[in-house]
J.: 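Mind having a look at this structure? Questions to follow.
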Amino acid sequence: YPQLGGDGIHIAHMLWGGLLMFASQMLSFAFIGRDVQRLAAVIGGVGFGTFIDELGKFITSDNDYFFKPTPFLLYTGFCILFVVLKCVEPLFTPSRFSKAENLANALNLLAVYSTAGLT
């Protein structure tokens with residue numbers, strides 16, 4: 001299998017996934033705009049995929065990359081994540097924000113659309 005590193009050193013792609021997720025967060029914090037948000041989402045998604053890909057390797061004592069229950073664990077984890085996000089979604093409706101928070105969101109959208117255009 002392909003490896004990053006040499007001379008007995010293997011840099012697991014879990015580390016690269018963590019680095020990509022970190023980079024996507026830094027993009028989100030440092031820049032505003034829909035294009036940057038989309039780029040950060042793609043980079044974060046690729047990072048999460050490469051991070052979670054080595055789940056089988058790290059939950060077994062013998063580092064078995066092809067651990068049979070891994071797909072079940074991944075699917076279950078994604079289902080739990082979906083349910084949790086659906087449960088907390090009502091907490092982020094506009095009616096739950098204060099007037100100041102709604103104003104801040106509107107001003108942020110104004111800043112985004114003033115640079116990207118309103119079309």
Side-chain angles (χ1 to χ4, degrees):
Y1 301 102
Q3 292 187 0
L4 297 173
D7 296 328
I9 296 175
H10 170 68
I11 302 172
H13 56 274
M14 178 178 266
L15 297 173
W16 293 110
L19 181 65
L20 287 172
M21 288 189 292
F22 177 74
S24 75
Q25 289 298 307
M26 291 300 102
L27 280 172
S28 296
F29 293 148
F31 301 101
I32 61 172
R34 295 283 182 195
D35 293 338
V36 174
Q37 287 177 345
R38 287 187 185 109
L39 178 63
V42 169
I43 291 173
V46 170
F48 183 72
T50 56
F51 183 85
I52 203 74
D53 182 54
E54 288 200 6
L55 178 68
K57 183 177 180 181
F58 287 103
I59 61 174
T60 60
S61 60
D62 61 348
N63 290 332
D64 183 11
Y65 188 81
F66 300 105
F67 184 55
K68 297 279 187 219
T70 300
F72 169 76
L73 293 171
L74 287 171
Y75 184 74
T76 303
F78 284 128
C79 289
I80 290 170
L81 180 64
F82 176 78
V83 169
V84 168
L85 291 176
K86 281 306 214 181
C87 288
V88 300
E89 185 178 24
L91 299 175
F92 297 100
T93 58
S95 62
R96 303 231 357 154
F97 295 133
S98 69
K99 288 184 179 183
E101 290 169 326
N102 282 328
L103 179 61
N105 286 332
L107 290 173
N108 181 39
L109 286 175
L110 182 64
V112 168
Y113 288 125
S114 67
T115 58
L118 294 174
T119 58

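Atoms considered below: every heavy atom in the structure, side chains included; atoms not considered: hydrogens, waters and symmetry mates. Computed from a prediction, not measured in an experiment: that's the story for all the values here.
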J.: Looking at CZ of Phe78 and OH of Tyr75, how far apart are the two atoms once the value is rounded to the nearest 0.5 Å?
T.: 11.5 Å
J.: Excluding sequence neighbours, so at least two apart, what forms side chain to side chain donor-acceptor pair (under 3.5 Å) with Asp53?
T.: His13, Tyr65
J.: Over all heavy atoms of both residues, which pair between Ala40 and Ser28 is shortest? Give the atoms and the distance, please.
T.: CB-OG, 3.5 Å
J.: Can you classify the ring geometry of Phe92 versus Phe97 as parallel (below 30°), tilted (30 to 60°) or perpendicular (above 60°)?
T.: tilted
J.: Yes or no on side-chain contact (heavy atoms from CB on, under 4.5 Å) for Asp35 and Leu39, after CA distance, side-chain angles and deciding distance?
T.: CA-CA 6 Å; Asp35 293 338; Leu39 178 63; over 6 Å; no
J.: Tell me whether Val46 is reachable from Leu19 by hopping between hydrophobic residues (I, L, V, M, F, W, Y) whose side-chain heavy atoms are closer than 4.5 Å.
T.: no
J.: Rounded to the nearest 0.5 Å, how far apart are CG of Leu27 and CZ of Arg38?
T.: 14.5 Å
J.: With hydrophobic residues grouped by side-chain heavy-atom distances under 4.5 Å, do Phe31 and Leu20 end up in a single group?
T.: yes
J.: Would you check if Asn105 and Leu109 make a side-chain contact, meaning some heavy-atom pair closer than 4.5 Å?
T.: no
J.: About how many Å separate CD1 of Ile52 and CE of Met21, when rounded to the nearest 0.5 Å?
T.: 8.5 Å
J.: Which distance, rounded to the nearest 0.5 Å, do you find between the CD1 of Ile80 and the CG of Leu85?
T.: 12.0 Å
J.: What are the two closest heavy atoms between Ile43 and Ser24, and how far apart are they?
T.: CG2-CB, 4.0 Å
J.: Have a look at Cys87 and tell me which of Val84, Leu91, Val83 forms a side chain to side chain contact (heavy atoms under 4.5 Å, CB included) with it.
T.: Val83
J.: Sequence neighbours left out, what passes salt bridge (Lys or Arg N to Asp or Glu O under 4.0 Å) with Lys86? Give chain and number order.
T.: Glu89
